[in-house]
Amino acid sequence: MNEDFLHYVWKYQLFSAGTLKTSTNEDLVVVKVGMHNQNSGPDFLNAQIKIADKLWVGNVEIHVKSSDWYLHNHEIDYNYNAVILHVVWEDDAVIFLEKNTVLPTLVLKNITFSSALQNYQNLFSTQQRWISCENEIYNTDKFVFENWKERLFFERLERKSNEMKLLLTENNDNYEATLFQVLAKNFGLKVNGDAFLLLAKSFDFGVLRKVRFNETQLAALLYGQAGFLEDNIEEVYYKALQKEYAYLRHKYHLKPIAKNQFSFFRMRPHNFPTIRIAQLTALYVAHQNLFSKTLETNTVDDFHNLFSVQVHSFWRNHFTFQKQSKTSTKKLTVSFLDLLLINTIIPLKFLYQKNRGEVDELDFLELLKQMTPEKNSIISKFEDMQVLSKSAYDSQTLLELKNNYCTKKRCLQCAIGMEILKN
């Protein structure tokens, strides 16, 4: 038995309420269940309970077993002095309050609706499933599902922006510096994300501002700090970068990170760290005050145009410094740009608006609905269950649902899970 389920049963009164009795056989009437408390302290606040013709106003505490009261040390916590009713699944101990008065107890085990219990047991069945509600999710009320998806989207956006908030604090509220670091991390994707973030934080952003007008110097700064300019390669462009980096390293007292932190193994050549650094270089050569410009982008096309840059001519027929390859543009693809928009620009823009107290929620929703949905194993599994993604908004909400509710078995905090239990 799960305590969260008992919270749910109490909150929605999923039990026979006709002739309720306390464990000591006193008549009990629930006037108000109280406000569900998500913080520390009693589970429901400001409830109204009538016991033996006397109306009590106070808090309700819920446990699987009565003895959990002592297990959780509530008897020595003053926050529980105003508890007027103990709601339990199994009554295995008498609970005494101050002055040795007995805490009234309501036992749910034999009065909970069998349908609610059956739905709960089905949802948390030990049978192996990809998600607990995979047989029911398609039939979930569309209105409930759509409202829940919007909540999931903003939960995901809030979490991503909170992660960026830590960087923003480290950068003394400098949004341009924070954007560069988060962009760098996401240019590295999952495999090289941490290494790219380490690269971006290995020098003061002010150095980048000073050298960004000179493409060779900016490239030298990034490749040098990444440790890629320490080899003996007889190539004109490579030698030029080495020379510039030696000058910058001395002038700004730079210390490179180790290049072995970057992985090339089993990666598509267009995702090689060398190519991603070339693209990041081209972006910052093309744009001054990039964050300010992202604030002015209102459509997906605006953003794509802003990030449409050309890498240095050397990289058009190279994937690494060592070997020449067939000529290709090495432009940022639409799918990669969409990932940057989802994981970098939108969360940072949301954080900026939130800090200014002017969040335009509709703007973020509409922007995601303009974009094609992501393609990955999670979205494919939902499609198998006839839960389709028409846009990136849909795919983002399903990723949040799977990773932060389904995988963690948080069915009782999920609108879909609660709808299944109610039905």
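Because the structure is a prediction, the values reported are computed rather than measured.
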For [X], give me all partners under side chain to side chain contact (heavy atoms under 4.5 Å, CB included), at least two apart in sequence or on another chain.
X      : value
Ser335 : Thr333
Asp194 : Lys185
Met1   : Phe5, Leu6, Val64, Trp89, Leu117, Tyr120
Glu134 : Arg129, Trp130, Ile131, Met385

### Query
Applying salt bridge (Lys or Arg N to Asp or Glu O under 4.0 Å), which residue pairs with at least one partner in residues 376-397 are found, sequence neighbours left out?
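Those involving residues 376-397 are Lys149-Asp394, Lys375-Glu383.
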### Query
Does the ring centre of Tyr245 sit less than 6.0 Å away from the ring centre of Tyr223?
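Ring-ring flag for Tyr223/Tyr245: false, centres at least 6.0 Å apart.
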### Message
Is the distance between the ring centroids of Trp315 and Phe321 under 6.0 Å?
### Response
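So the answer is yes for these two rings.
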### Message
Between Asn59 and Ile84, is the side chain to side chain contact (heavy atoms under 4.5 Å, CB included) condition met? List the steps.
### Response
CA-CA 6 Å; Asn59 305 326; Ile84 58 173; 6.0 Å; no
Would you say [X]'s side chain and [Y]'s backbone share a donor-acceptor pair under 3.5 angstrom?
X     : Y     : answer
Glu61 : Asp43 : yes
Asn37 : Pro42 : yes
Asp68 : Leu71 : no

### Query
Should we count OH of Tyr138 as having more than 12 external heavy atoms under 6.0 Å?
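Counting other residues, nucleotides and ligands, OH of Tyr138 stays at 12 neighbours or fewer.
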Would you call the rings of [X] and [Y] parallel, tilted or perpendicular if under 30° counts as parallel and over 60° as perpendicular?
X      : Y      : answer
Phe291 : Tyr352 : perpendicular
Phe15  : Trp10  : parallel
Trp69  : His86  : perpendicular

Any side-chain donor-acceptor pair under 3.5 Å between [X] and [Y]?
X      : Y      : result
Glu215 : His312 : no
Ser328 : Lys330 : yes
Gln181 : Glu170 : no
Lys32  : Asn46  : no
Asn172 : Asn174 : no
Asn171 : Thr178 : yes

Taking only residues two or more places apart in sequence, or in another chain, which ones meet [X] in a side chain to side chain donor-acceptor pair (under 3.5 Å)?
X      : value
Asp338 : His304
Glu90  : none
His318 : none

Check: residues 100-112 side-chain donor-acceptor pairs under 3.5 Å, at least two apart:
| unit_1 | atom_1 | unit_2 | atom_2 | d |
| --- | --- | --- | --- | --- |
| Thr101 | OG1 | Glu98 | O | 3.2 |
| Thr105 | OG1 | Leu103 | O | 3.2 |
| Thr112 | OG1 | Leu108 | O | 2.8 |

### Task
For residues 396-419, pull every pair meeting ring pair (Phe, Tyr, Trp, His ring centres under 6.0 Å), keeping only residues two or more places apart or in separate chains.
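Output for this query lists Trp148-Tyr405.
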Heavy-atom pair of closest approach, residues [X] and [Y]:
X      : Y      : answer
Lys354 : Ser161 : NZ-OG, 4.2 Å
Ala219 : Leu241 : CB-CD2, 3.9 Å
Tyr8   : Met418 : OH-O, 2.6 Å
Asp141 : Phe143 : OD1-N, 3.0 Å
Pro373 : Ser391 : CB-O, 3.4 Å
Phe382 : Leu398 : CE1-O, 3.6 Å

#### Entry: Sequence neighbours excluded, every pair satisfying side-chain hydrogen bond (donor to acceptor under 3.5 Å, both in side chains) that has a member inside residues 264-288
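As it turns out, the side-chain hydrogen bond (donor to acceptor under 3.5 Å, both in side chains) pairs with a partner in residues 264-288, which skip direct neighbours, are Asn271-Arg276, Arg276-Gln279, His287-Lys293.
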### Query
How far apart are the C-alpha atoms of Ser202 and Lys255, what are their side-chain angles, what is the distance that settles it, and do they pass the side chain to side chain contact (heavy atoms under 4.5 Å, CB included) test?
CA-CA 7 Å; Ser202 69; Lys255 183 178 180 180; over 6 Å; no
### Query
Taking 4.0 angstrom as the limit, do Arg159 and Glu155 come out as a salt bridge?
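Looking at Arg159 and Glu155, the cut-off is not met.
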### Leu401 and Ile416, any side-chain heavy atoms less than 4.5 Å apart
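Yes, at least one pair of side-chain atoms sits under 4.5 Å.
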### Ser263 vs Asn192, side chain to side chain donor-acceptor pair (under 3.5 Å): CA-CA, chis, key distance, verdict
CA-CA 6 Å; Ser263 176; Asn192 287 307; 5.0 Å; no
### Message
Among residues at least two apart in sequence or on other chains, which ones pass ring-ring contact (aromatic ring centres under 6.0 Å, His included) with Phe262?
### Response
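Phe262 satisfies ring-ring contact (aromatic ring centres under 6.0 Å, His included) with Phe196, Phe228 once adjacent residues are dropped.
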